[in-house]
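Bear in mind the structure is a predicted one, so any value in this text is a computation, not a measurement. Any value given below was found using the heavy atoms of this structure, including those in side chains, with hydrogens, waters and symmetry copies removed.
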Amino acid sequence: METDQELLINGLNELGIKPANAVIRHFILYLHELKKWNRAYSLTAINDNRDIIIKHFMDSLLYLKAIPEGLWSICDVGSGAGFPGLPMAIVRPDISVTLVEPSRKKTAFLKHMKRTLSLSNVVVIVSRVEDVKDSTFDIAVTRALFSIGDFIKKAGPILKEGGFLVLNKGPKFEEEIKDLPAHTHTRYEIIPVSLPLTALQRSLIKVSID
């Protein structure tokens with residue numbers, strides 16, 4: 001049986017991310033704090049260490065496959081316990097990540113993790129994305145259960161000109177695209193990705209709004 005550290009190292013290597021000691025320490029601490037807070041606040045239904053590492057940490061890092069190198073500002077909409085935004089911020093200190101989450105108990109955890117991990121590139125906002133009025137971003141991402149159409153409506157207004165959205169979808173994403181209104185001025189890029197340490201396939205949907 002692999003240790004947590006070994007799982008993290010192997011998963012990061014599969015993603016092409018250098019498993020630096022500081023990054024591994026951050027994820028181990030994140031895992032510990034998530035499980036501790038989860039007992040009181042029910043942040044996630046996943047409790048097994050291996051499942052958290054794969055289904056939360058590695059799945060979150062897949063989003064970076066749709067994001068080229070650069071000094072991006074990213075909004076994680078409906079961040080929950082920090083996915084995908086916090087893992088992205090841990091491995092990419094050059095990007096600015098804003099976690100938008102309406103639940104006060106979840107944002108209390110997010111603020112705790114920002115302090116605990118000393119993540120100067122993270123901002124936490126207690127809000128629904130529809131109520132974010134004073135900020136715009138290069139990229140918006142989500143793991144919340146938005147349809148593509150709903151995410152365009154909710155997050156489109158906070159994008160800068162030339163910005164884009166990224167969603168992680170299962171095999172039915174084509175039906176969602178077909179269901180969008182014909183007048184929607186959007187362009188899609190489908191990026192097939194493999195979830196590390198598993199045989200599972202994902203589809204990242206990159207949506208640019210004209």
Phe173 atom CZ: more than 12 heavy-atom contacts under 6.0 Å: yes

With no hydrogens and no angle check, just 3.5 Å: does a side-chain donor-acceptor pair link Asp138 and Ser73? yes

Smallest heavy-atom separation, Val100 atom then Ser127 atom, equals CG1-O, 3.3 Å

Quick one, Ile125 and Leu99 - any side-chain contact, counting heavy atoms below 4.5 Å? no

Would you name the heavy atoms of Leu110 and Ala81 that are closest together and state the gap between them? CD2-C, 3.6 Å

More than 12 foreign heavy atoms under 6.0 Å from NZ of Lys160: is that the case here? yes

State, without any angle test, whether Glu176 and Ser147 hold a side-chain donor-acceptor pair at a distance under 3.5 Å. no

Heavy-atom donor-acceptor pair, Glu6 side chain to Thr3 backbone, under 3.5 Å: yes

More than 12 non-hydrogen atoms from neighbouring residues, nucleotides or ligands closer than 6.0 Å to CG on Asn21, yes or no? no

Is it true that the NZ or CZ of Lys206 lies under 6.0 Å from the centre of Phe164's six-membered ring and within 45 degrees of the ring axis? yes

What's the shortest heavy-atom distance between Pro84 and Pro87, and which atoms? O-CD, 3.3 Å

Between Val122 and Ala89, what is the shortest heavy-atom contact and its length? CG2-CB, 3.5 Å

Is the backbone of Leu43 close enough, under 3.5 Å, to the side chain of Asn38 for a donor and an acceptor to pair up by distance? yes

When you compare the side chains of Asn49 and Lys35, does any donor N or O come within less than 3.5 Å of an acceptor on the partner? yes

Ion pair check, Glu2 and Arg50, cut-off under 4.0 Å: yes

Lys/Arg N to Asp/Glu carboxylate O, Asp76 vs Arg143, below 4.0 Å: no

Supply the atom-to-atom distance Ile53 CD1 to Gln5 CD, rounded to the nearest 0.5 angstrom. 8.0 Å

Side-chain heavy atoms under 4.5 angstrom apart, residues restricted to Ile, Leu, Val, Met, Phe, Trp, Tyr: same cluster for Val97 and Val77? no

Might you point out which heavy atoms bring Ile95 and Gly70 nearest each other, and give the distance in Å? CG2-O, 3.6 Å

